[in-house]
Amino acid sequence: MKTFIVQLLSTLLLSSSLIKAQDKTDLANYSFEIDNLSDQKFAVLAKERLKNSQFVFIGEQHGVKEVGVFTNAIYNIAQPFGYKTLCIETDAVAAEKIAVMAASKDPISQAKKIHQQFPFAIPFYNNEDDYDLFTNVVKKEGTIWGIDQTFMVQFRLNFDHIIGTTKNNTLKSKLKELKKEADIAYDKAIANKDFNAPYIFKYDKATHNALLALTNNKKELEILNQLWKTKEIYSYNNITKEYYKNNNIRGQLMKHNFLQYYKQAKTQINTPKVIFKLGASHAAKGLTRTNIYDISNMAHELAITNDMHSLHFVVMGITGKTATGNPFTPDPVVEFDNTKQFPKEIQDIIPTISKKYYILDLTPLRNYAYSNYSDAFKKTIFRYDFLVLVNNAEAFKGF
């Protein structure tokens, strides 16, 4: 009996030590480094995970060139799996204009022309590098969807869009008046460095209703209603300081806008496949850091209902330079160091990273007892499938 008890205790102690050892899985077993995204190690892994997938999310650190490069690489690898659509963080009008410019003989010149006419109207994509991605999508006969709110200084661009496309002379005349007001407001905002000066904050319900009364064209009504929705969203942030509402209503709008595209696409194919390039928080499954269930979570669940799955990357620079996108900053490009923003487990790895890209497969980590992981890392593990870190990130080349 004594021998049996000793053996039993030894077995229990061994099991306990094994469980403890598994509490903190060695991340080196699930990660690798590469200098180029054409590396076969990355391509093979991506292809394996793209099987039976419906949606791919690339959650980005804005202003970093390599995110566009990464998205382009994924778009190319995903072609045999039926991916044609790219979904970006703009409204539908901006996405339509980007697609037209990308299809032109000189996309960069066309994009610069729009930027000069309507500075900062299309945020995140006022740069040359992302047009490598957009032109590639168009060349591969893909489409571009824009599901976000209209940007706060984009009213002038959307007024101009309707002016140039409508056959309704009364609506055209009224919008020309409003565009002049919006031009003046923008100039004032830049001159005074005042975020609250753009026309969005002058656009009121009476003006909105008057415009709606001038048209029965569905597309025009949709553009105008999107303007009012974006005013509501920005008001929660800039005026009433209701930050949860700001994020939650914006998330609901993204879902609504996505479903409009999706329903139309379903008339051609039963399970449309989409690659998303959005801010990192918008690409997370589950409860995001802004405490909402965003478009990515809805798409994740939608894929499951179709007996498929979604794939979620988060791509961040470790150190490097980023474009700020701020018209008031004296330097449009700034240096950054994100090291302390990462969970402790990632901070410990960063000094060992020597190549351009560090890629960590997070999904296997969910299968282990990881009670010793930090709360921040646990959230990362369940929000995303892959963590991609960029060494010495470059700012994209702005217009």
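Starting from 1, each residue takes its place in the sequence as its number.
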Count I, L, V, M, F, W, Y as connected when their side-chain heavy atoms are under 4.5 Å apart, and connections chain through other members. Are F81 and F276 then in the same cluster? no
I'd like to know if the side chain of N76 pairs up with that of K140 as donor and acceptor (distance under 3.5 Å, no hydrogens or angles considered). yes
side-chain contact (heavy atoms from CB on, under 4.5 Å) filter on K340, not counting sequence neighbours, yields none
### Message
When you compare the side chains of T215 and E220, does any donor N or O come within less than 3.5 Å of an acceptor on the partner?
### Response
yes
Is a donor on one side and an acceptor on the other found under 3.5 Å between the side chain of N52 and the backbone of D307? yes
Find out if a path of hydrophobic residues (ILVMFWY) with successive side-chain heavy-atom gaps under 4.5 Å connects I318 to L387.
yes
Shared hydrophobic cluster, F57 / Y75 (ILVMFWY, side-chain heavy atoms < 4.5 Å): no
Is the backbone N or O of K397 less than 3.5 Å from a side-chain atom of K65, with the two atoms forming a donor-acceptor pair by type?
no
One should read off an interatomic distance between C87 SG and N257 CG, to the nearest 0.5 angstrom, of 9.0 Å
In this structure, CG of N246 is separated from CD1 of I239 (nearest 0.5 Å) by 11.5 Å
Interatomic distance, CG@D160 vs CG@L178, rounded to 0.5 Å, equals 13.0 Å
By side chain to side chain donor-acceptor pair (under 3.5 Å), K172 pairs with (sequence neighbours left out) none
Q) Does the K231 side chain pair with the main chain of Y203, one donor and one acceptor, at a distance under 3.5 Å? A) yes
For E33 and N391, which I'm curious about, is there any donor-acceptor pair between the side chains at under 3.5 Å?
no
Check the pair E232, K245 against salt bridge (charged side-chain N to carboxylate O under 4.0 Å, His left out), reporting the backbone distance first and the verdict last. CA-CA 10 Å; E232 175 192 351; K245 270 190 176 181; over 6 Å; no
message = If we count only N and O atoms by modelled type, under 3.5 Å, do the side chains of T322 and Q61 hold a donor and an acceptor together?
response = no
Are L86 and L50 connected in the hydrophobic side-chain network, where two residues link if heavy atoms are under 4.5 Å apart? yes
- Query: Do E222 and Q226 have side-chain N/O donor and acceptor atoms under 3.5 Å apart?
  - Reply: yes
CG (L171) and CZ (F159) are apart, to the nearest 0.5 Å, by 10.0 Å
For D294 and S296, which I'm curious about, is there any donor-acceptor pair between the side chains at under 3.5 Å? no
Do N168 and T166 have side-chain N/O donor and acceptor atoms under 3.5 Å apart? no
Here the gap from L37 atom CG to T71 atom OG1, rounded to the nearest 0.5 Å, amounts to 10.0 Å
Can you find a side-chain donor-acceptor pair between Y357 and E66 that sits under 3.5 Å? no
task = Consider only side-chain N and O atoms of N306 and Q54, and report whether a donor and an acceptor are under 3.5 Å apart.
result = yes
Taken to the nearest 0.5 Å, the spacing of T90 OG1 from I144 CD1 works out to 8.5 Å
inquiry  = Looking at N216, I'd like to know if its CG atom is crowded, meaning that more than 12 non-hydrogen atoms belonging to other residues, nucleotides or ligands lie closer than 6.0 Å.
reply    = no
- Message: A quick test of your reading: do over 12 heavy atoms of other residues, nucleotides or ligands sit less than 6.0 Å from NZ of K84?
- Response: yes
- [ ] Kindly state whether the ring of F258 and the ring of Y261 have centres lying under 6.0 angstrom apart.
- [x] no
**Prompt:** When you look at R250 and E89, which way does the salt bridge (charged side-chain N to carboxylate O under 4.0 Å, His left out) test go after all the steps?
**Reply:** CA-CA 11 Å; R250 183 183 177 194; E89 202 169 335; 2.9 Å; yes
Salt bridge (charged side-chain N to carboxylate O under 4.0 Å, His left out) evaluation trace for D375 with K379: CA-CA 6 Å; D375 288 342; K379 290 178 181 178; over 6 Å; no
* To do: Start with the C-alpha gap between K180 and E177, add the side-chain angles, then the distance that decides, and say whether salt bridge (charged side-chain N to carboxylate O under 4.0 Å, His left out) holds.
  => CA-CA 5 Å; K180 287 180 181 179; E177 293 177 16; over 6 Å; no
Report whether V153 and I88 are members of the same hydrophobic cluster (ILVMFWY, side-chain heavy atoms less than 4.5 Å apart, transitive linking).
no
Review point. Is the gap between the ring centers of H309 and F55 under 6.0 Å?
Key: no
Quiz item: Do the ring centers of F42 and F70 come within less than 6.0 Å of each other?
Solution: yes
